[in-house]
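Inspection log for the structure reproduced underneath, given as structure tokens.
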Amino acid sequence: MTTTQQGDMLYRGTDSGERRPDGQAGPDAHEEPGGQVAPPGPPAGAAVVVGSFAMGRGQWFARHRHEHHQLAWARQGVLAVRATGDTWVLPPSMALWIPAGTPHATGAAGPALFRSLYFLPDRCPVGWSAPTVVGVSSLLRELISYLSDGTLAPAARERAEAVVLDQLRPVSVATVQAPMPHDPRARRVAEALRADPSDARTLAEWGARVGASGRTLARAFVTDTGMPYGQWRTRIRLQAAMPLLAGGATVAAVAARVGYASPSAFVAAFRRAVGVPPGAYFAP
């Protein structure tokens with residue numbers, strides 16, 4: 001989890017590229033040659049730097065990398081990060097550890113307050129070599145805000161940084177991916193479902209609209225996306241549900257909006273795909 005559709009812009013499988021807010025790398029960072037983005041200048045003696053900026057709906061920071069380890073987090077809204085062929089959708093209860101040098105792109109489904117922590121590799125004991133989802137506890141949330149104060153005394157900053165490192169605990173969640181098919185007829189179906197994931201038409205009905213048999217469309221989805229049509233449609237529905245849930249909509253309202261007959265059916269599908277129910281995924 002680009003196009004202007006809310007579900008589209010969160011996930012992989014689109015081919016229009018990422019958009020940067022106002023075409024820039026962000027107000028607290030600058031891009032260096034080779035697509036590398038440097039974080040804001042650190043306070044004296046700091047091992048952790050906090051960058052903070054607002055993102056509007058559909059805005060993306062194009063593919064880039066940092067010399068520093070990064071913890072990508074949205075204090076408000078839903079953040080998406082694409083890296084190493086995967087996409088992570090992150091409510092405020094989760095952040096993503098991105099090892100130094102890892103190419104990645106970040107975007108927002110709607111208005112979001114993006115806060116990133118940058119860690120000096122030579123002063124960071126965390127050894128994760130791949131992007132890793134981290135739970136954001138209430139303590140970690142407050143520590144991030146605390147460290148954003150550039151006037152902190154060095155001793156106070158050092159103590160807070162040590163607690164931040166202690167709070168970095170991995171959580172096990174799956175990414176929800178829905179690659180777009182290449183077949184032009186199947187792609188028309190996919191684009192229509194991204195626009196309205198509650199559309200319940202069968203592949204045979206879609207075939208009558210796009211000029212292909214249901215069997216042909218079924219083969220195209222498996223060939224181009226690596227999954228059967230039914231599984232792909234489930235993921236599209238979950239993609240559309242993510243920002244709605246993060247925005248505070250009820251499970252019942254979201255289930256109905258994205259095409260589920262009951263909240264229980266939606267919760268079961270969410271748990272199967274993500275590994276935890278919606279309440280646990282979006283818990284503070």
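In this chain, numbering begins with 1 at the start of the sequence shown. For the numbers below, each heavy atom of this structure counts, side chains included, while hydrogens, waters and symmetry mates do not.
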Between [X] and [Y], how do the two ring planes meet: parallel, tilted or perpendicular, split at 30° and 60°?
{"X": "F114", "Y": "F61", "result": "tilted"}
{"X": "F119", "Y": "W97", "result": "tilted"}
{"X": "Y118", "Y": "H66", "result": "perpendicular"}

Y146 and L152: side-chain contact (heavy atoms from CB on, under 4.5 Å), yes or no, with the steps? CA-CA 8 Å; Y146 182 69; L152 282 179; 3.5 Å; yes

Are V189 and V222 connected in a single hydrophobic cluster, I mean Ile/Leu/Val/Met/Phe/Trp/Tyr linked by side-chain heavy atoms less than 4.5 Å apart? no

Would you say L113 ends up clustered with V89 if hydrophobic residues are merged whenever their side chains have heavy atoms under 4.5 Å apart, either directly or through other cluster members? no

Does a side chain donor of either S145 or R75 reach within less than 3.5 Å of an acceptor in the other side chain? yes

Regarding T216 and S213, is there a side-chain donor-to-acceptor distance under 3.5 Å anywhere?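 S213 and T216 do have a side-chain donor-acceptor pair below 3.5 Å.
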
Mind jotting down which residue pairs meet the salt bridge (charged side-chain N to carboxylate O under 4.0 Å, His left out) criterion with at least one end in residues 173-183? Sequence neighbours excluded, please. D183-R185

Qualifying residues under salt bridge (charged side-chain N to carboxylate O under 4.0 Å, His left out), relative to R201, sequence neighbours excluded: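 Residues passing salt bridge (charged side-chain N to carboxylate O under 4.0 Å, His left out) with R201: D199.
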
So, does T132 use its side chain to make a donor-acceptor pair with the main chain of A130 at under 3.5 Å?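 Checked: pair present.
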
Okay, side chain of Q70, backbone of I98: is any donor-acceptor separation there less than 3.5 Å?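 Checking the backbone N and O of I98 against the side chain of Q70, no donor-acceptor pair under 3.5 Å is found.
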
Shortest non-hydrogen contact between [X] and [Y], atoms and distance:
{"X": "T225", "Y": "P179", "value": "CG2-O, 3.2 Å"}
{"X": "V133", "Y": "M94", "value": "CG1-SD, 3.9 Å"}
{"X": "A83", "Y": "H104", "value": "CB-CB, 3.8 Å"}
{"X": "V254", "Y": "A249", "value": "CG2-CB, 3.6 Å"}
{"X": "T151", "Y": "D149", "value": "OG1-OD1, 2.6 Å"}
{"X": "A273", "Y": "L238", "value": "CB-CD1, 3.3 Å"}

Salt bridge (charged side-chain N to carboxylate O under 4.0 Å, His left out) for R209 and E205? Distances and angles first, verdict last. CA-CA 7 Å; R209 177 180 173 183; E205 292 170 325; over 6 Å; no

Give the intermediate values and the outcome of side-chain contact (heavy atoms from CB on, under 4.5 Å) for residues L71 and V134. CA-CA 9 Å; L71 187 71; V134 172; 4.2 Å; yes

side-chain contact (heavy atoms from CB on, under 4.5 Å) for W73 and V50? Distances and angles first, verdict last. CA-CA 11 Å; W73 175 61; V50 179; over 6 Å; no

Results of ring pair (Phe, Tyr, Trp, His ring centres under 6.0 Å) for W206 - residues two or more places apart only: none

Is the NZ or CZ atom of R237 both under 6.0 Å from the centre of the six-membered ring of Y260 and within 45° of that ring's axis? yes

Q167 side chain near L139 side chain, heavy-atom distance below 4.5 Å: yes

